[in-house]
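All values derive from a computational prediction rather than experimental measurement.
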Amino acid sequence: MVVLTTAAVAYIGWAYGGLPIAAAVALGAIVAPPDAVAASAVLSQLRLPRRVMLILQGESLLNDATALLIYRIAVGAAAGGITWAQAGPMIAIAAFGSVIAGWVLARIFIIATTRIEDAASVAIMSFVGTFGVWILAERLGLSAILTMVVYAMALAHDIPKRTPARIRVSTYSVWETAVFVLNVLAFVVMGLQVRPILARLQGAELNHALMVSGLVLATVIIVRLVYVIGYNTVVRLKNKWFGVDLPEGVAAPTNFRGGILVAWCGMRGLVTLATAFALPHDFPGRDLIVLSAFTVVLGTLVVQGLSLKYLLKLLAFKDDDTVDREVSTARMAVMDAALAAIEGEEGLEAKHVRAHYAAARVVAENVEAPQGATAHDLLRLKAINAQRVKLNQMRDSGEIGDEAFHRIEEELDWAELSAAPAGHFQPLNTDAPR
């Protein structure tokens, strides 16, 4: 789909925008990759079919890599540094080399950070590792984003087994803030780029640029609709006509309604903005390319993003509780493991701990809310709230200083995270009936 989108948009840029072939291909590669984050943000609170969610969340990984590889070759060709005859070998080397480099660098990072126990140091090392891998891949002539995808997937598989909870919570918070800031900065920078472009383009030239930008936006949306719906239809018909039996664990292709939803979730975002901004200032047709990229991002976010909820109502999807059932199964299993570990223990403390895990196991049996709070958790949260009130009173009265206050505050934060159900970072209503 990325290749087809790049080709279709390149034709628009060449035929109607007057761009050279290499510049038109660069435009196509810039607007081709969808932003799965935007779709996931809209759909995160809905219980959609799991296969649809996995497609939307995972498609941008390789799509970004494909688009950026084409983008790099096109920019090099426009600058005269790469010929189209060199593109094939470059793609092959970048693809295989990036996969190997990503895995090797992930092993090195794990070895280098195994003995680091300070949360701030781990957060800094994660930034150093991330940008270091990207820069190294660029210097080696590999696909930086494909290297980063493999690197991140390898880390995500092994790091959780080695990372203490305190470091993991801190690192997640740091990266969540960093990603949010980067997204905001990308739109601010793009806005600053577009304003002088509109000032330079006047009259008929501006109207022509806006017309081309609109055609690019329409092409991006139409190509995705045709490709996704057509692909799903062909695969379903092939399976039906030839009686294809899918292996165990392999899901059937998304149905027609799922295909429409996936096709409509083609919002563009940060990658499109960043690659457009990264074009050299003397790049052929840069103003038109940047304006088209901004139009595609803004248009897809507004047209598709705002209409997504209405489309979901129209398609009438049934709730998918697959993940909740898996959470219920896993949570009951880990509670059983905890109960088995303290089975031989005696005494009042063991009795209380055993009662807590037994209550948590009962909650885990509820598929609709397998991570809900137990009565014990609610009482703990009520006590923690009272502790916070008292702690603030002691600081306000001058009975304790700031250092002592923050140490006890940290202790209460961890206690609250331990007592609150997953996803609840604010105190629950502990007086609510259950």
Review point. Closest approach of V228 and A263, non-hydrogen atoms and distance?
Key: CB-CB, 3.8 Å

Revision key, fill the gap. Minimal heavy-atom distance between Y227 and L4, with the atoms involved, is CD1-CD1, 3.6 Å

Study note, to complete from the structure: Distance col, row D35:CG vs N63:CG, nearest 0.5 angstrom, shows 11.5 Å

Exercise for review: Would you confirm whether T177, through its side chain, and S173, through its main-chain N or O, come within 3.5 Å as a donor-acceptor pair?
Suggested key: yes

Practice item. Quick one: pull up CG in L210 and CD in E205 and give me the separation to the nearest 0.5 Å. Key: 11.0 Å

Review point. So with a 6.0 Å cut-off around CE of M211, is the heavy-atom count from everything else above 12?
Key: yes

Practice item. Verify, without hydrogens or angle tests, whether T113 (side chain) and I116 (backbone) share a donor-acceptor contact under 3.5 angstrom. Key: no

**Study point:** Shortest non-hydrogen contact between G28 and T6, atoms and distance
**Key:** O-OG1, 3.6 Å

Point to revise | Validation row: E138, R72 side chains within 4.5 angstrom (heavy atoms) | key: yes

Check your understanding: Just one of L217, V31, T272 clears the side-chain contact (heavy atoms from CB on, under 4.5 Å) bar with T300, so which one?
Key -> L217

Revision key, fill the gap. OG of S126 to CZ of F131, rounded to nearest 0.5 Å, is 9.5 Å

**Study point:** pair V296-M267: side-chain heavy atoms closer than 4.5 Å
**Key:** no

Study note, to complete from the structure: By ring-ring contact (aromatic ring centres under 6.0 Å, His included), Y11 pairs with (sequence neighbours left out) none

**Study point:** Side chain proximity check, I145 to W134, heavy atoms < 4.5 angstrom
**Key:** yes

Point to revise | Over 12 non-hydrogen atoms of neighbours within 6.0 angstrom of OH in Y231 | key: no

Exercise for review: Would you give the length of the straight line joining atom CD1 of I73 to atom CG of L68, rounded to the nearest 0.5 angstrom?
Suggested key: 11.5 Å

Review point. Do the non-hydrogen side-chain atoms of C265 and L261 ever get within less than 4.5 Å of each other?
Key: yes

Point to revise | Nearest heavy atoms of I167 and A119, plus distance in Å | key: CG1-CA, 4.0 Å

Exercise for review: Using atom types as modelled and distance alone, determine if a side-chain donor or acceptor of S143 lies under 3.5 Å from a backbone N or O of L69.
Suggested key: no

Point to revise | Donor-acceptor pair between S292 and S213 side chains, under 3.5 angstrom | key: yes

**Study point:** Contact check, side chains of F405 and N392, non-hydrogen atoms, under 4.5 Å
**Key:** yes

Point to revise | Heavy-atom closest contact (V75 atom, P280 atom, distance) | key: CG1-CD, 4.4 Å

Practice item. Flag the pair R168 / Y172 as yes when at least one side-chain heavy-atom distance between them is below 4.5 Å, and no otherwise. Key: yes

Review point. Is the backbone N or O of T275 less than 3.5 Å from a side-chain atom of Y71, with the two atoms forming a donor-acceptor pair by type?
Key: yes

Review point. Are the side chains of I30 and V271 in touch, meaning some heavy atoms are under 4.5 Å apart?
Key: no

Point to revise | Short side-chain donor-acceptor distance under 3.5 Å, W264 and S307 | key: yes

**Study point:** From L140 atom CG to T147 atom OG1, the distance as rounded to the nearest 0.5 Å
**Key:** 8.0 Å

Exercise for review: Check step by step if side chain to side chain contact (heavy atoms under 4.5 Å, CB included) holds for W14 and L19.
Suggested key: CA-CA 5 Å; W14 172 75; L19 296 174; 5.6 Å; no

**Study point:** Least distance between heavy atoms, G259 atom then N232 atom
**Key:** CA-ND2, 3.4 Å

Exercise for review: Keeping the roles fixed (side chain from H281, backbone from R286), state whether a donor-acceptor pair exists under 3.5 Å.
Suggested key: no

Exercise for review: State, with a plain yes or no, whether a side-chain heavy atom of L142 is found less than 4.5 Å away from one of L146.
Suggested key: no

Review point. Yes or no on side chain to side chain contact (heavy atoms under 4.5 Å, CB included) for T233 and I229, after CA distance, side-chain angles and deciding distance?
Key: CA-CA 6 Å; T233 302; I229 296 175; 4.2 Å; yes

Practice item. Quick one: list whatever passes ring-ring contact (aromatic ring centres under 6.0 Å, His included) with W175, sequence neighbours left out. Key: F127

Point to revise | Trace of the side chain to side chain contact (heavy atoms under 4.5 Å, CB included) decision for R388 with D413 | key: CA-CA 10 Å; R388 289 190 185 281; D413 287 343; 2.7 Å; yes

Point to revise | Neighbour count above 12 (heavy atom, 6.0 Å) for F109 CZ | key: yes

Check your understanding: Is a side-chain N or O of R224 found less than 3.5 angstrom from the main chain of M1, in a donor-acceptor match?
Key -> no

Check your understanding: What distance do L27 atom CG and L291 atom CG have between them, rounded to the nearest 0.5 Å?
Key -> 10.5 Å

Check your understanding: Is R268 reaching over with its side chain to a backbone N or O of A32, donor-acceptor style, under 3.5 angstrom?
Key -> yes

Exercise for review: Evaluate whether atom CD of E117 has more than 12 neighbouring non-hydrogen atoms of other residues, nucleotides or ligands under 6.0 angstrom away.
Suggested key: no

Point to revise | Main-chain N/O of I400 paired to R395 side chain as donor or acceptor, under 3.5 Å | key: no

